[in-house]
Amino acid sequence: MESGVDIEKLSVRIKEKVLLRGVSLHVKTGETHILMGPNGSGKTTLARAILGDKRYTVTDGKIEFNGADLLKLKPHERARLGIFVSFQEPVALQGVNTLSFLKTAYESVNSTKITTSEFKKIVGKYLEKVGLPESINERHVNEGFSGGEKKKFELLQLLLLKPKVAILDEIDTGLDLDAMKALSSTVNEMLPETGFLIITHSDRILKHIKPTLVNVMKDGSIIRSGGMELVEEIEKGGYKID
Ligand SMILES: Nc1ncnc2c1ncn2[C@@H]1O[C@H](COP(=O)(O)OP(=O)(O)OP(=O)(O)O)[C@@H](O)[C@H]1O
Ligand SMILES: [Mg+2]
C-alpha cells in the first residue's frame, strides 16, 4: 500500500500570529518534495507542526499518516509511526551522551532492546558514511559540535531510524562536499522505503536528487509548485515570483 503524510489545508498560529494559511502537501513513500521560500515564510513552522510541537496551534486543516490523524498524537508517538524531522538548529543536550541518546531513539522507534555493544556496531557503520569520528560516541549531544557536525549528527539519526517520512529542515546548510554526497546518496538509497520533504535554500542538493515536486512557500502559503524550472527561476530572480 502506498503510504505517506497528507497535509490538507493546514493553518497554524503561535499566540495571535498566523504562520501557516491553508497549506496542502502530500508526501508519499518514494517521493522527494522540495520546499523553498524566503526567510520567515513558515517552512520550519510546517516541519514543527508535522512533528507536533506544542507551541504551535493548529487552527484548521489536517495532517494524516496513512489515513491516521497525526494531530491527535504526541511527538514521540508520531516518531514511532515513522515520522522524522531533522532540525534546522539542533540544540545541545547538556550531559546527554550521544550513544545513549541514539540508542534510546532507536529502541523506541523499533520497539526493541539492544545491547550497547551491538548498537555500537550499527552506529559505527553509519558514522563512517556520514563522516563523523567514533569519538563522537563519548561526547554529549551537539555540545561543542561544529555547524557541519550537528548536521551530520542529524543525518546519522536519519540513517539509524529509517523513517517512513523524513522532513529535513536545511540539513544541507554548512555541509562540506563529502557530507553533501553522503546526504544525497542516503536520500537516494532510502527512497524506495521513505518519502522526503526537503527544506532548502540551495539548488546544491538537487544536483544528485531528482525532485518529485518543488514547492515555494511565501507568507505561510504555498504559492507555486512545479519542477526544476521553478528552482532555476528562483536561482535567477530570487523570490520575486507569484
Ligand atoms: N515563538 C514565536 N513567536 C513569534 N513568532 C514566531 C515564533 N516562532 C516563529 N515565529 C515567526 O514565524 C515566522 C515563520 O518562521 P519559520 O521559522 O517557520 O520560517 P522559515 O521559513 O523556516 O525561515 P528560514 O528560511 O529563515 O529558516 C517568522 O516570521 C518567525 O519570526
Ligand atoms: Mg527555517
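Each residue takes its place number in the sequence, starting with 1. In each ligand, atom 1 is the first atom listed, and ligand 1 is the first ligand listed.
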Option of least heavy-atom distance to atom 6 (C) of ligand 1 (set: Ile14, Val12, Asp219): Ile14

Evaluating non-hydrogen atoms only, which member of Glu16, Lys43, Gln88, Lys17 is closest to atom 20 (P) of ligand 1? Lys43

Glu77 and Leu70: CA distance, side-chain angles, deciding distance, side chain to side chain contact (heavy atoms under 4.5 Å, CB included) verdict: CA-CA 9 Å; Glu77 295 168 326; Leu70 275 194; over 6 Å; no

Any N/O/S of Thr44 under 2.8 Å from the Mg ion (ligand 2)? yes

State whether Gln88 contributes an N/O/S atom found under 2.8 Å from the Mg ion (ligand 2). yes

For [X], take its heavy atoms, then give the atoms of ligand 1 lying under 4.0 Å from any of them.
X: Thr45; result: 14 (C), 15 (O), 16 (P), 18 (O)
X: His201; result: 25 (O)
X: Leu19; result: 11 (C), 12 (O), 13 (C)
X: Glu170; result: 25 (O), 27 (O)

Measure the distance from [atom] to every protein heavy atom, then report the residue, atom name and distance (to 0.1 Å) of the closest one.
atom: atom 17 (O) of ligand 1; answer: Thr44 CB, 3.5 Å
atom: atom 8 (N) of ligand 1; answer: Tyr56 OH, 3.8 Å
atom: atom 13 (C) of ligand 1; answer: Gly40 O, 3.6 Å

So which bit of Lys15 gets within less than 4.0 Å of ligand 1, heavy atoms only: side chain, backbone, both or neither? neither

Check each heavy atom of Asn39 against ligand 1 and say whether those closer than 4.0 Å belong to the side chain, the backbone, both or neither. both

Could you point out which residue of Asp6, Ile7, Val5 forms a side-chain contact (heavy atoms from CB on, under 4.5 Å) with Leu25? Ile7

Just to verify, which of Ile136, Leu160, Leu161 counts as forming a side-chain contact (heavy atoms from CB on, under 4.5 Å) with Leu102? Leu160

Does [Y] offer a backbone N or O that forms a donor-acceptor pair with the side chain of [X] under 3.5 Å?
X: Arg78; Y: Leu73; answer: yes
X: Asn142; Y: Val91; answer: yes
X: Glu134; Y: Gly124; answer: no
X: Asn215; Y: His33; answer: no
X: Lys164; Y: Phe84; answer: no

Under 3.5 Å between some N or O of ligand 1 and some N or O of Gly37?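 There is no such contact.
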
Ion pair present between Lys236 and Glu232, side-chain N to carboxylate O less than 4.0 angstrom?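 Glu232 and Lys236: not salt-bridged.
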
